[in-house]
Structures are given as structure tokens and as C-alpha cells.
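What follows is a set of notes on a single structure, which appears directly below.
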Amino acid sequence: MERSQVKIDLRATGLSAAELKKLVAGYIVEDMLPISTVDSESFRRIVEKIPTKSGVKLPQRKSFAGYLEREYDIMDANLKATLGEVDFVSTTADIWTVNNKSFMGVTIHWINSTLQRNKAALACKRIRGRHTYDVIGAEIEEIHSSYGLHGKVVATVTDNASNFAKAFRVYQPCNLESESENEEEGDDEEPTFTDVIEALSTASGDGQFSLPPHYRCASHTINLISTSDVDKHLNSCADTKAVYRSSIAKCTALWTKASRSTLASEQVEEVSRRKLMVPTSTRWNSLYEAISRIITIPLNELNPLCVKLGIKCLNEREYQFLKEYCTVMKPLTVALDILQGDECTYGALLPTLTSLMSKTLALKDDLSRMTASLPDVIVKAIKTRFDAVLDSQEGLLAAATCPKFKLRWLRDERRREHVKELLTTECRKAAPATDNANVSQLPASPAEMDFFDFENQPTESFSAEKEVTDYLRSGYELEILNQFPNLKKMYMKYNTPTPSSAPVERLFSLGGLVLSPKRNRLSDRRFEKLLLMRYNHCFTPKENKKT
């Protein structure tokens with residue numbers, strides 16, 4: 001039986017909400033169905049009984065479909081017009097699997113002339129077959145091309161999946177200078193042989209397009225540190241292996257019991273005044289939050305609760321370990337919350353990592369022997385996993401052009417001078433070419449001008465240095481960038497990327513509300529249009545929006 005959700009315009013019926021509800025209720029009760037799942041025959045009988053104004057008809061299914069297509073075209077045109085006026089954009093990409101279907105999601109981010117951060121969704125496209133690097137690269141390139149983004153995308157942020165990493169590694173723009181240098185250096189090396197079949201199957205795809213620079217999601221990397229690196233250390237250290245396993249096992253038993261039994265959940269609420277949180281694989285800091293909820297219960301109340309639930313009690317050493325574990329891991333969760341924020345720019349990445357390492361090391365003096373080595377392990381893991389980011393020019397310039405950071409987060413004086421030189425050099429490149437017309441000179445004849453053949457004074461270098469110096473001495477509000485046009489342009493370029501791929505994850509969360517199990521007959525293209533219209537509602541004119 002065909003089911004469809006129905007919305008009725010009261011103005012077209014001439015009835016009040018109470019009268020319409022009374023009229024519909026008889027047919028709903030007759031079939032014992034909620035109005036959201038009324039079948040076509042029942043709805044036809046309802047519509048026949050509804051009085052309408054002269055010349056007014058209730059819309060049909062095709063009318064709704066046509067309305068959707070028109071609204072989508074308006075939204076898509078407005079988005080493309082807006083992106084056409086932007087110089088720098090960044091994207092995030094990921095693949096979402098639901099109901100045995102896979103979708104490629106892409107979101108776009110940019111900063112407008114008023115320094116306001118904007119975002120939109122470009123696609124949630126069905127992906128068929130294996131998720132290989134060439135399929136991923138071709139889909140991302142096609143999505144970028146459909147919106148005319150060539151030369152505008154400064155970076156694409158994805159998670160640490162190997163297929164995404166390989167796609168951006170293979171489809172990078174060719175650097176002719178580096179290739180020629182490699183050829184000169186490798187003249188004396190022995191020749192290497194390549195499989196002809198493999199070369200013919202991949203060469204045609206490699207030369208067709210190139211992808212923008214690839215940034216790995218900082219949130220996923222911190223998640224690997226808080227799970228993989230920390231777990232490996234605690235399981236390998238003799239002082240913590242036994243207590244770590246036993247305490248986590250007892251917490252797991254408590255979570256399982258409270259989540260599977262309503263009686264157990266009620267008993268937990270009587271003691272803790274709130275429910276326990278259960279760790280999930282999709283939320284990266286859920287383990288910390290779940291353990292923190294347990295240690296808020298005093299030990300003298302927690303153990304009687306465990307006895308009631310029939311699970312093993314925590315001893316004092318295990319309880320102390322859980323408290324110290326949460327103390328050490330708290331800076332990681334704070335960093336995750338910062339980097340996953342909607343308004344977080346790429347310039348916040350390096351200051352956040354620097355503060356994370358310093359705050360983690362400052363906890364060593366308050367820890368016992370069980371967890372005293374954990375801060376060093378975390379800091380070492382950060383330096384290892386973020387090795388390519390900590391000294392990247394893009395990251396340094398992004399942080400330095402953020403007024404709230406500037407150079408304050410740098411504690412090494414030599415590194416601070418290095419970043420200041422980078423700012424000056426980049427500011428000189430961003431400044432438009434200037435002539436010497438503004439330089440006051442004494443009038444001279446052509447002969448004299450030929451005789452005094454001096455080099456032009458590099459006035460632009462002095463202006464760049466002055467602009468950087470004045471900027472570093474100014475305030476910390478974002479609006480001060482309007483006083484420094486070259487630095488403002490640098491800010492818009494280097495801070496356009498997001499440090500995390502969380503925006504595309506939020507797109508998938510919204511997609512779960514659109515592609516519900518009851519809408520399993522929704523076509524892939526219709527689903528994408530519905531999702532993009534819901535995400536990009538700000539690009540629909542107000543007069544077209546329905547209240």
C-alpha cells in the first residue's frame with residue numbers, strides 16, 4: 001500500500017485547524033493510522049470531504065515535485081553566484097554508508113569580505129562499487145568542477161583513511177622543476193621497470209585532473225592519540241596494565257547493565273541523579289565523558305550500587321586510576337571541542353596543539369606512579385603524528401594572521417622572528433605592484449635622468465614591514481584586519497580551511513533525518529536535493545521559504 005506524508009494548506013480549505021482535525025480524525029481512527037502514514041485511498045476520501053474555495057485545488061504529488069525542483073534550482077543558482085564572487089574556498093569530503101548505500105559528501109567553506117565565515121553543502125552523491133582512490137579522486141574533481149572551483153580551492157580536509165590519502169597523493173599537480181631536478185640527480189641510478197598493463201590502466205586517469213592540497217583531519221588524529229597511542233602505552237606498561245584492564249572492564253559491565261535493564265537504569269538514576277553515558281565509536285571523546293560520569297559518584301555510593309546490579313565493585317586503586325586518567329585526558333577533549341567548532345579556522349590548529357602539549361605536561365606533578373608517564377606519551381604522540389603540520393608554512397601563516405593569536409602562542413624567540421619574516425615576505429607578495437609615482441622627486445631633464453641611472457627604491461618592502469609591525473602592535477579583535485588589506489587577504493586565504501572534517505559529518509547526521517527507514521523508496525537524486533536544500537536553506541530567498 002502506498003504511503004505518503006501530507007501537508008494541507010488551511011487557507012485553501014477555509015477550515016480552522018480544529019475543524020480540519022475533527023474531519024480527518026474519523027478517517028484516521030477508522031484505519032487506525034497516524035496522519036503521517038495515511039494511505040492514498042484514505043487521503044482521497046479525506047480530500048473529498050474538505051470544502052475548498054472556488055477555483056482553489058489542493059496540490060497533487062506532481063505539484064510538490066515540481067515545487068521542489070524549482071526551489072532547488074533557485075538555491076543552486078544562488079550558491080553558484082555566491083561562490084563566483086569568492087577568491088578562496090576550502091572543502092571537506094567523506095563517504096557515508098547507510099542502508100547498504102554509500103554517499104560521497106562534500107561541504108564548502110569560505111570567508112567573505114566582512115570576515116564572516118560561511119558554509120554550504122555541495123553534494124551528497126551516491127557512490128557505487130568499491131571506494132578506491134581513483135573513484136574518490138574522480139568524484140571530488142567532478143563536484144569541484146560542477147561549481148567552477150578550479151583555482152579557488154586552497155585545501156580539502158578529509159579523515160585519515162588510506163584511500164583518501166592516496167587519492168590526493170596520486171592526483172597532485174605536477175611540479176616540473178622538481179621533476180627535472182630528480183632526473184638530473186638520478187642519471188647514475190640503475191633503470192627501473194614498470195608493469196605495462198598497470199601503467200596503461202592508470203596513466204590515462206592520472207593525467208586528466210589534479211586535486212587541491214590535502215589536509216588531514218586534526219580531530220581524527222587526536223582521536224588516534226587518545227585511543228590507539230594511549231591504549232598501547234597503558235597495556236604495555238607494567239605499572240598500569242592490570243589496573244587499566246580491570247577498571248575499564250568494570251566500567252563496561254556497569255554501562256552494559258544500565259543500558260540493557262530499565263530497573264538497573266532507574267537504580268543508577270537514584271544514586272547519581274542522572275543516567276550514565278555509554279561510549280560510542282562515532283563520538284571520539286565519548287569514552288572520557290562516560291568515565292567522567294562514573295567518577296562523579298563517590299566510591300562509597302558507587303560500590304553499593306554495583307552490589308545491587310550484581311557486578312564487581314571498584315577498589316580504591318582502580319577508582320584513583322580512573323580519576324587520574326580523566327585528569328590527563330581532559331585537555332585532549334577540550335582541544336577536540338575547539339577544533340570541531342563551526343567557527344574554528346585553520347589558524348587555531350597550531351596554537352591549540354601548543355597549548356595542549358604545555359597543559360598536558362603541567363599535569364605530571366599531580367599524578368601518581370600509575371599515570372605519571374602518560375603526559376610524556378601524549379606529547380610525544382602529538383609531535384609524531386602532527387610532525388608535518390607543526391612547522392608547515394600554511395599553519396604558521398594561518399595562526400599569525402588571526403588577530404587573537406598573532407605571535408603570542410610562540411614561546412621561542414627565534415621561531416617568533418622566523419614567523420614574522422614569513423609574514424613580511426608573504427605580505428610583500430600579496431601587495432599589488434606599486435610604481436614610483438608616489439615618490440617625490442626633483443624635476444630633471446631627460447639627459448640628467450639618463451646620467452643618474454640608479455635602481456628604483458623598493459618602497460613596497462618597507463610598506464610590507466610597516467604593515468606587519470603595525471598589525472602586531474594592534475588589538476586582538478578580528479575587525480582590525482580591515483586596517484591591513486594585505487594581511488586581510490592572507491587571513492582569508494590561509495584560514496579558509498577547517499582543521500577538522502566535522503562539517504561533513506554533520507551533513508551526514510542531517511542526512512540520517514532525511515533518509516529515514518520509512519522513506520526507503522526515495523531516489524538517490526531526490527534524497528540529495530532534499531538534503532542540500534535543508535542544509536543550504538540560507539541560499540533560498542525569504543519570499544520562497546515556507547513557515
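When reading the values below, keep in mind they use all heavy atoms of this one structure, side chains included, and skip hydrogens, waters and symmetry mates. Residue numbers run from 1 in the order of the sequence given.
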According to the side-chain hydrogen bond (donor to acceptor under 3.5 Å, both in side chains) rule, which pairs have a member within [range], sequence neighbours left out?
| range | result |
| --- | --- |
| residues 410-420 | D391-R415 |
| residues 362-375 | H233-S373, D239-R369, E324-S368, E324-T371, K364-D376 |
| residues 240-249 | D231-Y244, N235-R245, S246-E318 |

How many angstroms lie between atom [atom1] of [X] and atom [atom2] of [Y], to the nearest 0.5 angstrom?
| X | Y | atom1 | atom2 | value |
| --- | --- | --- | --- | --- |
| I480 | L115 | CD1 | CG | 10.5 Å |
| D94 | E505 | CG | CD | 5.0 Å |
| M357 | K383 | CE | NZ | 6.0 Å |
| S259 | M277 | OG | CE | 13.0 Å |
| K493 | E394 | NZ | CD | 8.5 Å |
| L322 | K250 | CG | NZ | 10.0 Å |

Is the shortest side-chain heavy-atom distance between [X] and [Y] below 4.5 Å?
| X | Y | value |
| --- | --- | --- |
| W255 | I294 | yes |
| Y319 | L302 | yes |
| M492 | W110 | no |
| Y215 | Y346 | yes |
| P212 | H144 | yes |
| L407 | L472 | yes |
| S474 | F484 | yes |
| Y133 | Y171 | yes |

Worksheet item: When you measure from the side chain of N536 to the backbone N and O of A121, does any donor-acceptor pair fall under 3.5 Å?
Response: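 Between the backbone of A121 and the side chain of N536 there is a qualifying donor-acceptor contact (under 3.5 Å).
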Item to complete: Could you give me the CA-CA distance, side-chain angles and deciding distance for N495 and T401, then say whether side chain to side chain donor-acceptor pair (under 3.5 Å) is met?
Response: CA-CA 8 Å; N495 282 278; T401 52; 3.1 Å; yes
Fill in: Pairs touching residues 288-300 that satisfy salt bridge (Lys or Arg N to Asp or Glu O under 4.0 Å), sequence neighbours left out
R283-E289
Worksheet entry | Evaluation steps, side-chain contact (heavy atoms from CB on, under 4.5 Å), between S102 and H131 | CA-CA 9 Å; S102 297; H131 305 161; 3.2 Å; yes
Practice prompt. Using a strict cut-off of less than 4.0 Å between a Lys/Arg side-chain nitrogen and an Asp/Glu carboxylate oxygen, indicate whether R506 and D342 qualify as a salt bridge.
Written response: yes
Discussion item. Strictly below 4.0 Å, N to O, side chains only: are E477 and K404 in salt-bridge contact?
Written reply: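 Here E477 does not pair with K404 in a salt bridge, since their nearest N and O are not under 4.0 Å apart.
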Item to complete: For F321 and L234, run side-chain contact (heavy atoms from CB on, under 4.5 Å): C-alpha distance rounded to whole Å, both residues' side-chain angles, the deciding distance at 0.1 Å, then the answer.
Response: CA-CA 11 Å; F321 170 79; L234 293 176; 4.1 Å; yes
Item to complete: Flag the pair Y325 / Y288 as yes when their ring centroid distance falls below 6.0 Å, and as no otherwise.
Response: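 For Y325 and Y288, the ring centres are not under 6.0 Å apart.
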Give me the atom names and distance for the closest heavy-atom approach of [X] to [Y].
| X | Y | value |
| --- | --- | --- |
| I248 | I291 | CD1-CD1, 3.9 Å |
| S392 | V389 | OG-O, 3.0 Å |
| Y535 | A120 | CE2-C, 3.7 Å |
| Q172 | L211 | NE2-O, 3.7 Å |
| K488 | S113 | NZ-O, 2.8 Å |
| A464 | T424 | CB-O, 4.0 Å |

Item to complete: Kindly indicate, with the supporting measurements, whether the criterion side-chain contact (heavy atoms from CB on, under 4.5 Å) is fulfilled by L423 and L487.
Response: CA-CA 8 Å; L423 271 178; L487 290 170; 4.1 Å; yes
Per the side chain to side chain contact (heavy atoms under 4.5 Å, CB included) rule, which among [options] passes with [X]?
| X | options | answer |
| --- | --- | --- |
| V334 | I338, D337, L332, L336 | I338 |
| F103 | V98, L531, I95 | V98 |
| N163 | T158, T132, I136 | I136 |

Discussion item. For the CD atom on E301, are there more than 12 heavy atoms of other groups (residues, nucleotides or ligands in this structure) within a distance under 6.0 Å?
Written reply: yes
Practice prompt. Report the C-alpha separation of E426 and Y494 in whole Å, then their side-chain angles, then the decisive distance to 0.1 Å, and conclude whether the side chain to side chain donor-acceptor pair (under 3.5 Å) test is met.
Written response: CA-CA 11 Å; E426 194 70 17; Y494 291 105; 2.7 Å; yes
Worksheet item: For D470 and K466, what are the C-alpha separation, side-chain angles and deciding distance, and is it a salt bridge (charged side-chain N to carboxylate O under 4.0 Å, His left out)?
Response: CA-CA 6 Å; D470 293 343; K466 184 177 184 303; 2.9 Å; yes
Worksheet entry | All pairs passing ring-ring contact (aromatic ring centres under 6.0 Å, His included) where residues 353-373 contributes a residue, at least two apart |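 As it turns out, there is no ring-ring contact (aromatic ring centres under 6.0 Å, His included) pair with a partner in residues 353-373 once direct neighbours are skipped.
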Practice prompt. Establish, for the pair K406 and Y471, whether the NZ or CZ atom is under 6.0 angstrom from the six-membered ring centre and no further than 45 degrees off its axis.
Written response: yes
Fill in: From CA spacing to verdict: side-chain contact (heavy atoms from CB on, under 4.5 Å), F164, I140
CA-CA 10 Å; F164 275 95; I140 294 177; 4.2 Å; yes
Practice prompt. Go through the steps to decide whether T107 and T92 satisfy the test side chain to side chain donor-acceptor pair (under 3.5 Å), and finish with yes or no.
Written response: CA-CA 5 Å; T107 63; T92 64; 2.2 Å; yes
All N/O donor-acceptor pairs, side-chain side in residues 147-157, below 3.5 Å, sequence neighbours left out:
| residue | atom | partner | partner atom | Å |
| --- | --- | --- | --- | --- |
| Y147 | OH | D76 | OD1 | 3.2 |
| Y147 | OH | L122 | O | 3.3 |
| H150 | NE2 | E141 | OE2 | 3.2 |
| H150 | NE2 | S145 | OG | 2.9 |
| K152 | NZ | L83 | O | 2.8 |
| K152 | NZ | G84 | O | 3.4 |
| K152 | NZ | V86 | O | 3.2 |
| T156 | OG1 | T91 | OG1 | 2.8 |

